[in-house]
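To start, the structure itself, in structure tokens.
Convention: sequence-line order gives letters A, B, ...; per-chain numbering from 1. The shown structure was predicted, so the numbers you read here are calculated from the model rather than taken from an experiment.
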There are 2 protein chains.
Amino acid sequence: MAATETRRQITEAADALFYERGFEATSFADIAAAVGLSRGNFYYHFKTKDEILEAVIDLRMANTRAMLAGWAAGADEPAGRIRSFIHMLIANRAGIMAHGCPVGTLCSELAKLDHVAKDRAAELFGLFRDWLALQFSALGRGDDAERLALHLLVRSQGIAALATAFRDETFIRREAAAMETWLAGELPGLAKSDLSIPNA
Amino acid sequence: MAATETRRQITEAADALFYERGFEATSFADIAAAVGLSRGNFYYHFKTKDEILEAVIDLRMANTRAMLAGWAAGADEPAGRIRSFIHMLIANRAGIMAHGCPVGTLCSELAKLDHVAKDRAAELFGLFRDWLALQFSALGRGDDAERLALHLLVRSQGIAALATAFRDETFIRREAAAMETWLAGELPGLAKSDLSIPNA
DNA sequence: GCAGCTTTAGGACGACTGCCCTACATCTGT
DNA sequence: ACAGATGTAGGGCAGTCGTCCTAAAGCTGC
């Protein structure tokens with residue numbers, strides 16, 4: 001098999017295992033078994049475990065960029081694109097309840113390990129933040145764009161964390177709906193309000 | 001030394017190490033070194049690592065109850081008590097940026113390991129949820145109390161997750177202030193609004 | 001059909017893991 | 001002073017970890 005193809009398979013298997021079990025709890029042997037290779041042969045493709053992690057982060061960055069581009073292509077209006085982000089919570093609810101958010105849990109694990117790649121993993125959040133801010137800018141909320149983007153990130157991360165703990169699907173749906181309602185209140189045509197003052 | 005005292009020291013050392021490094025990444029040897037005991041002697045106090053985890057969760061439950069009772073005693077008004085919860089984010093900002101929220105990160109790690117104690121760890125969230133709901137009930141928001149409580153939990157968990165990734169202290173302070181502003185909007189005297197419709 | 005490169009399997013390495021045993025030190029009650 | 005309980009030290013158990021080596025199989029170009 002071509003080395004690049006094997007490398008891709010390893011990276012994808014590691015991606016899934018790192019998500020499901022965590023980075024540290026996943027061993028070379030686990031990944032090898034998932035791909036169907038011998039343990040020892042790994043050294044040929046990846047010198048160290050950190051190298052696999054690097055490849056996994058690269059893969060996730062590429063996948064995230066592609067997903068964001070897909071959302072942008074799938075909706076003409078920025079509001080619809082932001083709703084695509086919110087709906088991700090519902091679409092991935094099973095995985096979230098079992099293993100949390102792939103980005104958030106990886107970042108927190110790498111932070112605890114004080115791993116060199118922790119900042120690279122945090123760039124995944126940066127991707128979402130910047131893309132969401134871009135949508136809010138397109139909605140004429142240029143001044144608040146990043147703050148509004150971070151508000152959505154905060155809420156989705158919090159929802160993921162609590163959904164993992166309580167494993168409550170209704171909770172996810174209700175909170176996602178609440179985010180959509182919040183978004184509707186931030187849309188143009190309505191009075192611009194401070195993000196955090198619900199009503200006066 | 002009395003066995004109960006040694007047990008307490010072990011539990012406290014494990015509590016800190018589980019928070020800083022994570023449950024799996026912390027070994028018997030790490031805890032033993034922190035307490036100043038020999039590795040082998042652990043078997044006398046704790047048969048298994050899971051037993052230590054159980055003791056740590058018990059300790060955190062007790063500490064959390066004490067903290068909540070302290071907040072209740074420290075403020076006569078429910079709003080002030082809720083603000084104590086929000087201020088916890090700022091008081092613990094250094095730890096949060098380095099290691100995340102102790103409750104959230106433990107729950108997500110145990111979920112990934114599919115550990116038997118994952119539900120017991122989730123009860124820590126239940127403690128905060130119920131206490132916050134009690135305060136909102138006292139504010140006359142009985143119908144929405146649990147939903148409002150979960151909203152605060154969602155936001156604080158999200159803030160902790162992003163603060164760990166970005167390690168931005170200003171972000172924590174700004175989001176904590178936004179939560180206080182949101183709280184003010186939910187207080188009696190102002191028009192009762194739906195949680196998720198900021199303004200109309 | 002052979003040389004040379006790529007890819008593989010299998011195993012070994014030292015270190016570490018959670019767990020467990022046994023011999024010894026220390027303390028307590030009589 | 002002594003017996004028994006309580007607590008400790010040190011090391012060993014089998015297993016796994018990440019890492020690395022070597023020998024050979026598979027493929028490609030001549």
Side-chain angles (χ1 to χ4, degrees), chain A residues 1-58 106 109-110 112-118 120-121, chain B residues 1-58 106 109-110 112-118 120-121:
Chain A
M1 196 191 311
T4 54
E5 170 63 14
T6 305
R7 218 185 132 92
R8 196 189 56 81
Q9 284 190 16
I10 292 174
T11 310
E12 284 186 359
D15 181 24
L17 286 169
F18 287 177
Y19 175 42
E20 293 163 14
R21 307 185 192 178
F23 169 68
E24 262 231 310
T26 302
S27 69
F28 271 80
D30 293 332
I31 306 172
V35 185
L37 287 181
S38 67
R39 274 160 300 118
N41 192 22
F42 256 84
Y43 186 67
Y44 181 78
H45 298 281
F46 291 96
K47 300 295 188 210
T48 67
K49 198 180 178 188
D50 290 353
E51 217 173 283
I52 301 183
L53 175 61
E54 216 173 320
V56 166
I57 294 176
D58 286 344
L106 180 65
E109 183 178 0
L110 296 185
K112 275 194 204 290
L113 297 174
D114 202 18
H115 196 283
V116 285
K118 65 179 179 181
R120 293 207 43 212
Chain B
M1 196 191 310
T4 54
E5 170 63 15
T6 305
R7 219 184 130 91
R8 196 190 56 79
Q9 284 190 16
I10 292 174
T11 310
E12 283 186 359
D15 181 24
L17 287 170
F18 288 177
Y19 175 41
E20 293 163 12
R21 306 185 192 177
F23 169 67
E24 262 231 309
T26 301
S27 70
F28 272 81
D30 293 333
I31 306 171
V35 184
L37 287 181
S38 67
R39 273 159 300 119
N41 192 22
F42 256 84
Y43 186 67
Y44 181 79
H45 299 279
F46 290 96
K47 300 293 189 210
T48 67
K49 198 181 177 185
D50 290 353
E51 218 173 283
I52 302 183
L53 176 62
E54 216 172 319
V56 166
I57 294 177
D58 286 344
L106 180 66
E109 182 178 1
L110 295 184
K112 274 193 204 291
L113 298 175
D114 201 18
H115 196 282
V116 285
K118 67 180 177 181
R120 294 205 45 213

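- The main-chain N or O of A:Ala55 is never found under 3.5 Å from a side-chain atom of A:Thr11 such that the two would form a donor-acceptor pair.
- Listed pair B:Ser38 / D:dG7 fails the phosphate criterion, with no side-chain N or O lying under 4.0 Å from OP1 or OP2.
- Both A:Ser27 and A:Tyr43 lie close to DNA chain D; mapped to their nearest nucleotides by heavy-atom distance, the more 5′-ward contact belongs to A:Ser27.
- Computed from coordinates, the B:Leu37 CG to C:dT26 P distance equals 15 Å when rounded to whole Å.
- The CG-P distance, from B:Asp50 to C:dC19, rounds to 7 Å in whole Å.
- We find that CZ of A:Phe42 is positioned 12 Å from P of D:dC17, with the value rounded to whole Å.
- The nearest whole Å value for the distance from the OH atom in A:Tyr44 to the P atom in C:dT7 is 4 Å.
- Ion pairing of B:Lys112 with B:Glu109 is absent here, as no side-chain N (NZ or NE/NH1/NH2) approaches a carboxylate O to less than 4.0 Å.
- Contact annotation: A:Asn41 side-chain N/O to C:dT7 OP1/OP2 distance is not under 4.0 Å.
- Distance CD (B:Glu5) to C1' (D:dT8): 16 Å, rounded to an integer number of Å.
- Residue B:Lys49 contributes atom NZ, which lies 14 Å from atom C1' of D:dT16 at whole-angstrom precision.
- A donor-acceptor pair under 3.5 Å links the side-chain atoms of A:Arg7 to the main chain of A:His45, judged by distance alone.
- Between B:Arg39 and A:Gly36, the residue whose closest nucleotide on DNA chain C is further toward the 5' end is A:Gly36.
- We find that CD1 of B:Ile31 is positioned 14 Å from C1' of C:dC19, with the value rounded to whole Å.
- At least one side-chain heavy atom of B:Arg120 sits less than 4.5 Å from a side-chain heavy atom of B:Asp58.
- The distance between atom CG of A:Leu17 and atom C1' of D:dC17, rounded to the nearest whole Å, is 16 Å.
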